[in-house]
Every structure is written in structure tokens, then in C-alpha cells.
Amino acid sequence: MRMSKLFVQTLREFPSDAEVISHKLLVRAGYIRKLSMGIYNFLPLMWRVLKKVENIVREEMDNAGAQELLMPFVQPKELWEESGRWGAYGGELMRLTDRHGREMCLGPTHEEIITAIARDGLKSYKQLPVNLYQIQSKFRDERRPRFGLLRGREFIMKDAYSFDTTQEGLDKEYKNMWNAYTKIFKRCGLDTKAVQSDSGAIGGSVSHEFMVITDTDAGENDVFYCDCGYAANSNHAISDLPMANIKGEWSTPQIIDTPDTHSIEELCDFLKIEPTVIVKSLVYIVDKNPVIALIRADKNVEETKLLNAVGGNEIRIAVAAEIEDIMVQNGFDAEKGFIGPKGLKEYNGVPVKFVADKTVIDMKNFVIGVNQKDKHGVGYNWECKCNSGGSDSTGLIELPETVADIRLVEAGELCPECGKPLKVTRGIEVGNIFQLGTKYSAPMNAVYTDIDGTTKPYIMGCYGIGISRTAAAAVEAHHDENGIKWPLAIAPYHAIVIPVSTKDELQMKVAEDIYKTLVKHGVEAVIDDRDERAGVKFKDADLIGFPYRITVGKGITEGLVEFKTRETGEILNIKPEDAAEIVVTAITKLK
RNA sequence: CGGGAUGUAGCGCAGCUUGGUAGCGCACUUCGCUUGGGACGAAGGGGUCGCACGUUCGAAUCGUGUCAUCCCGACCA
């Protein structure tokens, strides 16, 4: 490709609406342009990168025994009703109506379709196991798209689905996919960590996410890990707490004035206490139902854990107006900062549910909100057998029926497997593997006939890789102040040849010769034939991120050209005829 | 969904307070000059100032509404 013809427009400045480095660089270097919120055009350079990632994924999936197919992007409501997700999926499912008034949706994932395909085709145990996959655009109407390609609404994804007759078969395929993923990301030049995770809306039990560990702030997920090998996503991580004072100083219960203590910090300052002796009450709304979470005040609630504890689809924190409503409806006059569990019965006719984090059970003589403005209860305890002597209930709080781990783990807490302090890092999720079991096959009546003549639902697994997200994650992991440093395997081109002066006939001739030789040997190369100053060409080459740069300049009078490796910055002066060999050798090593 | 901010040429921005013929840098076109890290000079082309309504003799500028984009999410951050 000749640079003068390549469809790419680099920008002198970063776009103003981009926040993370992969977004900034991909726009500035001319890879992508935004069309709408969370929706991007993939320009020719980007498309080359995406095809490279796709092909690596395709090769390894095929090697692992999976078969590629392609399912529709637009899907009928009926299948989603069969699985129960038409109602359950929420706002991320982009729904539309066709001219006949039929309701459809844009596919955010394809469990329903693939299960229907399997149901039609896989009738006998003799046909199983099977693993089917596709590489295709997905659409999720994200509440808040951001970070460019890392969290767009439309994105490219590889999704695979396995069908087995036994759990042992699923376990085997799960491991098979795990191994394939490890190879895929390694080939893409990415270091990944497989972490335990919550299975979320897709459902199922066992699941792992493959995370690219990155120093940049684009990592959306905190990954907690330990040298012993334990690693988990924040929505799944568990830990033991280090020793702390969890016994308050007040031995007799009383309600005291705590004016203007709207935050835990203010309350601690006022009472001169540690947050470890406060039980805070947080109001959540789960599918329109009120849920009060009780947790030690120095810790935070992990919303996914809380959601799993109460069951439901969507969880969010209550807004101030809702908290006010709850107070009024239960005969209180308090505001946020003074909320407590006692006396809260219902909200809009729905009983209030209470969930206590398991770490509050051992707390004694604690401080808690009592639904009175500018007041808190101190010296409170849980109402349980050990406290049965109390004649009046003042100072006793009923321990909720649901006691669960709803706590967000923090670095420094203790590894659940070996007891050493956990470490935290940011990760970008580029792939995931789930054991679905019969979550879709059972409700959709997707069954096969087993050897004994009985019909059984398939045991399913699903396995995703974000193709476009993987490319963006590669930029997060491989860049410097001058631009992108693509791993060779997924770079849009392997090398660029730069004649410093297009008016210098010798330079041009040597550059053209090198370029032709590279192309002849299967190297994907660009020659920068533009009549630009050398600085412009170097800046563009660095920004776009060609792994190798061959510069033909003044040195040619001594028979030498410059060979630069983008990743390391290493510069060699070599003979023109040696350039192709170096690049070809590097490319060969990729296979 | 709630809160905040911003919409002026392809990109980045000024002008708005105090209404009076729409500007700057980059990019683009032509010419000259220059050629190892985003040169310089000259001359050009390109915008109904997000959209609608209103106030006014007159609106990018003031008011109302609307759409879009970005940032933030009750305790804690």
C-alpha cells in the first residue's frame, strides 16, 4: 500500500470527547470515527486489525473443534419469551417493531437462537457434543457507553455455545475453551489472567473472565488476586477481614443527638469513633422493590452480590426522593445519613426486605441510624438468643433473615484460600467462559434422546470474546507518548518504508526496491511516498503504530538504511537487502 | 433514570458578559521555498454559529423548549 493512497487521516490533536488512551489514539491515528453514542465506524486500518484478531480467534476455535456459523442480528421476540429473557433483560435489549407490528430485538447475545438451532438439529446423543460459534456484531443499549471501543453499544464479538450430554462433558469443553482462550490472547500479544466471576444476566454457575491486566484507567474491573493463584472479579471476590475494633464504647443503648452528620465521616468525627463500630443502612431498589442493606460502615456493598442474595434482575441505589418517600410512608421524618432498619415495613405497598452483610453479625454495641433526623442510636445489638434477657426492645435490632456476603472486597483484605493480603489491579475483560447447564435448554424444551430412550435437555456452555474490545485493550497495553505500538500479530501492517526525501532518486529507488521485496515475501507493507518532511512521516508512523520502520535516508550513500522496532525503539543500521529477511523472520515466528 | 457541562468549518478552540456584516490554529487547494522528528512565506476554498420558537429595527450573543455529545452517580469515593 502506498501511503499517499491509504485511507487514513491522522489528527494533530487528540479528540476532545475521548477519555481513555485507546479511544484517543484510535481516533487520532485514523482507525475509528464515532457515528453516534457508543457506535463507531471501523475505518480501513481498524478493519485490518479486527480481521487479524478475528482470524486468530477463528483458527484457535477451529483447532479446538468448534464449528463456525452465522446467526441473524435481528431476532424475534418469541424466542426471547421462551427463555424468559424478553421480560428479564432490561433496557440493554434494543427492541424494535417491524412494519407488521411484530416485536424484534437487536441481538445482544445469541443463547436463544443457538438453542433453537440445536433443538431443531441435535436430536440424538450420538450427535453430541457440539460446539458452534460465530463472529458477529452485537448491540447492547448500554446505560452509559464510554471508553470508546471498550464499552460501546455496537461491537464485534465471537460467541460460542457448547452442547453436551453430561456435566463431565461440559467440564471438559470448558477446559478446552480455557486452553484455546489462553492461546488466542497470547497470540494477540496480550497477557491475560483468568478470574472467577459472577455469571450475571446470562445465568449459570461456574464462570471465568479473561482479563487484560493494564496500568491505565480504562480497566473497568477490579481484579483481586493472590500469589497463591486465587483471582476473582470484584463482583465475585471473597475475603476475610483483618482484625479490627468492632465493639462500640456505649454499653447501654440510647439515642443521642448527632447534628448534621450526613456522612459516615462526619458521624465518626462527631462521635470520635471508628467506622468499624457503625452499621450503615443503604437503601436499594431491586426491580422496584425496596431492599435495605446493612453493612459495616468502613466497607461498601457489592451490588451484584446483593442482587444475587435477594434475587431479581436490576438493582440500583435509591434516590433521595425515594428515601424520603420510604420515611414518610413509614411514619418517619429522616433524611439520608440517618436511615436505620428499625420500623421500616413497606414502600408503595411492597414489604421492605433486609439483607445483612455477614461481617456485621459479630458487631457489638454498635452505632446505627434510627430514622430520626440528627440522631443516631448507640450501644445497639442484634436481637438474638444471646440477648433474650432484654425486657424491652430498645437497643435491639432484629437480625435480618438474609445474612450473606454482600461486601465489596478491598485490597489488603485476606485471601480466602491462603490468608495472605489480597492485591488489586485493574483489568479489561476481553473474554469470558460460562457453564450454563440447562438454563436455556430446559425452558426452551431443547432436548435430545439419550441412549436409554429418555429425552433430556442439553448441558450447555457459552464462551465469548470481544473482538473489538480485544483490539482496544491491545492499545491500552501497548502504547507510548508517540502513539500505538501494535503487537505484530494484530498490527494493520507489518512494516512501513520511509524514503526521507521523495525528490532524492537514489533514496526513492532503494525504498521502492525494499517495499517490493517485502511485498514479494508476504510482508504487509506500506511505503510512505508522500512529499512530506521526514518529521511528518515519522510522527505518523509512530502514531499509527507500524511494528517495523525502514528509513531510507542519507545513509544510503554508504549503503545503509535504518531499521527501527516500534515496540523497543531499537535502531539498527543495515543493508537494504537485509530488511526483508528480518521482518519475514519475525512474521514467521508468529505462526 | 438523576445531576453537571458543552454544542461556532474536517479537528482543536476564541467570540457571548455589554446584540450591529463570523474569527484563530491545524487540515485542505495553488505558488514559492524547505527536506532525519508534526518547517516557512504568499494567495485561496470551506460554517444558514445543533434545531425550533420567542424578544428586538437587528440574535452566534438574550429567553423558553428540544435534540445531541461528554463527565459524574444516594453512604464512601
**Q** Which one, rG36(B), rG73(B), rU69(B), comes nearest to the side chain of Arg549(A)?
**A**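 Among the listed nucleotides, the one closest to the side chain of Arg549(A) is rG36(B).
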**Q** Between rU69(B) and Ser36(A), is there an OP1 or OP2 to side-chain N/O distance shorter than 4.0 Å?
**A**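 So the side chain of Ser36(A) is within the cut-off, an N or O lying under 4.0 Å from OP1 or OP2 of rU69(B).
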**Q** Thr551(A) side chain: which of rA39(B), rG36(B), rC71(B) is closest?
**A**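 That would be rG36(B).
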**Q** Would you indicate which nucleotide in rG25(B), rG36(B), rU34(B) comes nearest to any side-chain atom of Phe538(A)?
**A**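 Minimum distance to the Phe538(A) side chain belongs to rG36(B).
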**Q** Quick one: Lys537(A) NZ to rU35(B) C1', roughly how many Å, whole number?
**A**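 That distance rounds to 9 Å.
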**Q** Please pick, from rA39(B), rG12(B), rG37(B), the nucleotide with the shortest atom-to-atom distance to any side-chain atom of Val536(A).
**A**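 Of all the options, the side chain of Val536(A) is nearest to rA39(B).
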**Q** From the list rG38(B), rG36(B), rC71(B), which nucleotide is the closest neighbour of the side chain of Arg146(A)?
**A**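 Between rG38(B), rG36(B), rC71(B), the one nearest the side chain of Arg146(A) would be rC71(B).
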**Q** Side chain of Arg12(A) only, heavy atoms from C-beta on: which candidate in rC70(B), rA27(B), rG37(B) is closest?
**A**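 The closest nucleotide is rA27(B).
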**Q** Any strand is fair game: report the nucleotide pairing with rU48(B) by Watson-Crick or G-U wobble, both distances under 3.5 Å, or none.
**A**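 Check on rU48(B): unpaired, no WC or wobble geometry under 3.5 Å.
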**Q** What I want to check is whether an N or O donor and acceptor connect the side chain of Lys34(A) with the base of rU69(B) at under 3.5 Å.
**A**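 Counting by modelled atom types and ignoring angles, no donor-acceptor contact under 3.5 Å is found here.
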**Q** Only one of Tyr548(A), Trp486(A), Phe546(A) forms a side chain to side chain contact (heavy atoms under 4.5 Å, CB included) with Tyr493(A), so which one is it?
**A**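 So the option named by the test is Phe546(A).
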**Q** Classify the ring geometry between His23(A) and Tyr40(A) as parallel (under 30°), tilted (30 to 60°) or perpendicular (over 60°).
**A**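 It falls in the perpendicular class, over 60°.
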**Q** Hey, is the side chain of Asn482(A) pairing donor to acceptor with the base of rG37(B) inside 3.5 Å?
**A**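 Answer is no: no donor-acceptor pair is held.
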**Q** So, does the side chain of Glu562(A) form a donor-acceptor pair with the base of rG36(B) at under 3.5 Å?
**A**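 Indeed there is one.
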**Q** Do the side-chain N and O atoms of Asn245(A) and Glu274(A) include a donor-acceptor pair separated by under 3.5 angstrom?
**A**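 Note: Asn245(A) and Glu274(A) side chains miss the donor-acceptor criterion.
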**Q** As a test of reading the structure: which of rG37(B), rG12(B), rU35(B) is closest to the side chain of Lys564(A), going by heavy atoms?
**A**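 Between rG37(B), rG12(B), rU35(B), the one nearest the side chain of Lys564(A) would be rG37(B).
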